[in-house]
Trainee: 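After the structure tokens below, expect a handful of questions from me.
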Amino acid sequence: MGDLDKLREMEMFGEDGRDGVWTVMANVTDPESLHRAFDGCAGVFHTSAFVDPGGMSGYTKHMASLEAKAAEQVIAACVRTESVRKCVFTSSLLACVWRQNYPHDRRFPTIIDENCWSDESFCRDNKLWFALGKTAAEKAAWRAARGRDLKLVTVCPALVTGPGFRRRNSTASIAYLKGARAMLADGLLATASVETVAEAHVRVYEAMGDNTAGGRYICYDHVVQRPEEFAELERQLGIPRRAAAAAAAAQDSGDRPARFELCRQKLARLMSTRRRCTYDDYYSVAFD
């Protein structure tokens with residue numbers, strides 16, 4: 001309710017209510033409510049996700065199925081409206097990193113980029129429900145948008161952090177970190193500040209207007225490489241018990257390099273071309 005109250009306060013910021021923020025309630029499982037919410041909009045940012053605030057894991061197998069169905073409903077509602085022609089869909093880095101048959105014998109890291117998809121069977125067998133849900137939902141969105149008059153772009157952020165993220169996002173963070181021991185050892189555990197994720201969404205949406213943005217974009221700020229970094233991350237989330245296990249796993253790996261390397265070059269190129277106007281001068285905003 002606190003978040004809704006803040007949104008309602010923002011409605012009053014615009015002159016005569018014309019330039020402010022309107023709060024519209026919709027249910028992602030109800031096509032009619034989605035259509036009413038989207039009607040008249042030029043674009044949609046689908047950032048919602050299912051969480052279980054009362055559960056220990058924050059995410060269940062059933063939620064993974066609901067996530068995929070909701071993605072289909074959102075895209076269908078976008079297509080149904082006469083006004084919406086662009087949709088930015090928030091997926092997850094977890095939809096890219098989990099795969100069968102990791103190549104243990106490679107001398108150099110294998111690149112994980114936007115062309116990589118998590119293996120749904122692997123996620124299901126290892127009960128990685130959050131990764132399964134994000135993977136299935138993103139694939140469902142792409143299927144639903146195929147052949148339709150709708151531009152779709154997906155952003156795949158790492159674990160989102162920021163001020164108060166423990167208080168506001170603990171269940172989703174706990175669900176994200178299932179399997180973190182393996183991700184840490186393989187160089188796949190990364191974080192992204194909420195500011196970076198928000199800016200990436202805005203830039204992608206802007207670039208869709210001139211067709212310079214398309215497909216998927218991996219988004220992260222930092223790759224967690226040291227056990228103490230992960231211990232601090234879990235401490236902030238209030239789940240320090242798993243940190244010792246992750247630290248032991250990293251120590252057991254010795255000095256071997258990570259088997260994988262995350263790549264965000266596609267988003268970096270897009271962000272580096274962004275221009276902002278200040279005192280009639282334009283300058284590039286670097287993204288590193």
Side-chain angles (χ1 to χ4, degrees), residues 3 6 10 21 43-49 51 86-97 111-116 118 130-131 134-135 137-138 141 152-177 180 183-184 187-209 212-226 229-230 232-237 258 260-278 282-288:
D3 290 339
K6 290 179 181 179
M10 293 176 67
V21 175
V44 169
F45 292 83
H46 179 52
T47 64
S48 67
V51 294
K86 296 186 288 186
C87 178
V88 180
F89 187 97
T90 308
S91 182
S92 172
L93 180 60
L94 295 183
C96 309
V97 301
I111 302 298
I112 301 294
D113 61 13
E114 293 80 6
N115 296 312
C116 300
S118 288
F130 195 68
K134 291 301 180 182
T135 305
E138 187 184 351
L152 175 66
V153 171
T154 60
V155 179
C156 302
L159 176 66
V160 180
T161 61
F165 82 101
R166 170 184 174 179
R167 181 180 69 257
R168 293 179 176 274
N169 200 35
S170 60
T171 52
S173 298
I174 292 170
Y176 186 104
L177 288 173
M183 284 192 287
L184 177 65
L188 298 174
L189 182 60
T191 60
S193 71
V194 66
E195 292 87 357
T196 296
V197 175
E199 186 175 0
H201 279 68
V202 172
R203 178 61 189 129
V204 163
Y205 182 82
E206 292 173 342
M208 291 170 73
T212 56
R216 310 171 79 206
Y217 291 86
I218 284 180
C219 177
Y220 66 92
D221 289 315
H222 175 68
V223 178
V224 179
Q225 297 177 327
R226 299 191 306 272
E229 288 184 85
F230 182 57
E232 174 60 19
L233 184 64
E234 290 207 319
R235 186 195 67 76
Q236 292 180 32
L237 286 169
F260 301 94
E261 180 179 324
L262 293 173
C263 177
R264 59 182 174 185
Q265 290 182 2
K266 183 181 178 183
L267 181 62
R269 287 193 297 269
L270 186 68
M271 297 294 282
S272 67
T273 62
R274 186 176 190 181
R275 302 274 177 179
R276 289 177 177 171
C277 180
T278 303
Y282 289 87
Y283 63 92
S284 296
V285 177
F287 181 83
D288 184 10

Trainee: Over all heavy atoms of both residues, which pair between V160 and P157 is shortest? Give the atoms and the distance, please.
Mentor: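 Closest heavy-atom pair between V160 and P157: CG2-CB, 4.4 Å.
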Trainee: Take atom CD of E195 as the centre, draw a 6.0 Å sphere, and report whether it contains more than 12 heavy atoms from other residues, nucleotides or ligands.
Mentor: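 Yes, because the 6.0 Å sphere around CD of E195 holds more than 12 heavy atoms from other groups.
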Trainee: Under the ring pair (Phe, Tyr, Trp, His ring centres under 6.0 Å) test, which residues partner H46, sequence neighbours left out?
Mentor: F89
Trainee: Taking only residues two or more places apart in sequence or in another chain, which ones pass side chain to side chain donor-acceptor pair (under 3.5 Å) with T191?
Mentor: none
Trainee: Restricting to non-hydrogen atoms, name the atom on A207 and the atom on L270 that form the minimum distance, rounded to 0.1 Å.
Mentor: CB-CD1, 3.6 Å
Trainee: So, do L93 and L159 sit near enough that their side-chain heavy atoms are less than 4.5 Å apart?
Mentor: no
Trainee: State, with a plain yes or no, whether a side-chain heavy atom of L177 is found less than 4.5 Å away from one of F230.
Mentor: yes
Trainee: Taking the side chain as every heavy atom from C-beta outward, state whether Y205 and V202 have any pair of such atoms under 4.5 Å apart.
Mentor: no
Trainee: N115: which residues meet the side chain to side chain contact (heavy atoms under 4.5 Å, CB included) condition with it, sequence neighbours left out?
Mentor: D113
Trainee: What I'd like to find out is whether the side chain of V88 reaches to under 4.5 Å of the side chain of M208, using heavy atoms alone.
Mentor: yes
Trainee: Apply side chain to side chain donor-acceptor pair (under 3.5 Å) to T212 and list each qualifying residue two or more places apart in sequence or on a separate chain.
Mentor: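 T212: side chain to side chain donor-acceptor pair (under 3.5 Å) contacts with D210.
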Trainee: In this structure, which one of C96, S91, S92 forms a side-chain contact (heavy atoms from CB on, under 4.5 Å) with L94?
Mentor: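 Among C96, S91, S92, the one that satisfies the side-chain contact (heavy atoms from CB on, under 4.5 Å) with L94 is S92.
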Trainee: Give the intermediate values and the outcome of side chain to side chain contact (heavy atoms under 4.5 Å, CB included) for residues T154 and E114.
Mentor: CA-CA 10 Å; T154 60; E114 293 80 6; over 6 Å; no
Trainee: Treating Y220 as the side-chain partner and L262 as the backbone partner, does any N or O pair qualify as donor plus acceptor under 3.5 Å?
Mentor: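 Flag set: sc Y220 to bb L262 pair under 3.5 Å.
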Trainee: List in chain and number order the residues that pass side chain to side chain contact (heavy atoms under 4.5 Å, CB included) with S118, two or more places apart in sequence or in another chain; answer none if no residue qualifies.
Mentor: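 Partners of S118 under the side chain to side chain contact (heavy atoms under 4.5 Å, CB included) test: W98, C123, T135.
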Trainee: Please check: side-chain N/O of E261 versus main-chain N/O of I111, any donor-acceptor pairing under 3.5 Å?
Mentor: no
Trainee: Tell me every residue that passes side chain to side chain contact (heavy atoms under 4.5 Å, CB included) with E229, counting only those two or more places apart in sequence or in another chain.
Mentor: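 If we apply the side chain to side chain contact (heavy atoms under 4.5 Å, CB included) test to E229, skipping adjacent residues, the hits are H222, V224, Q225, R226.
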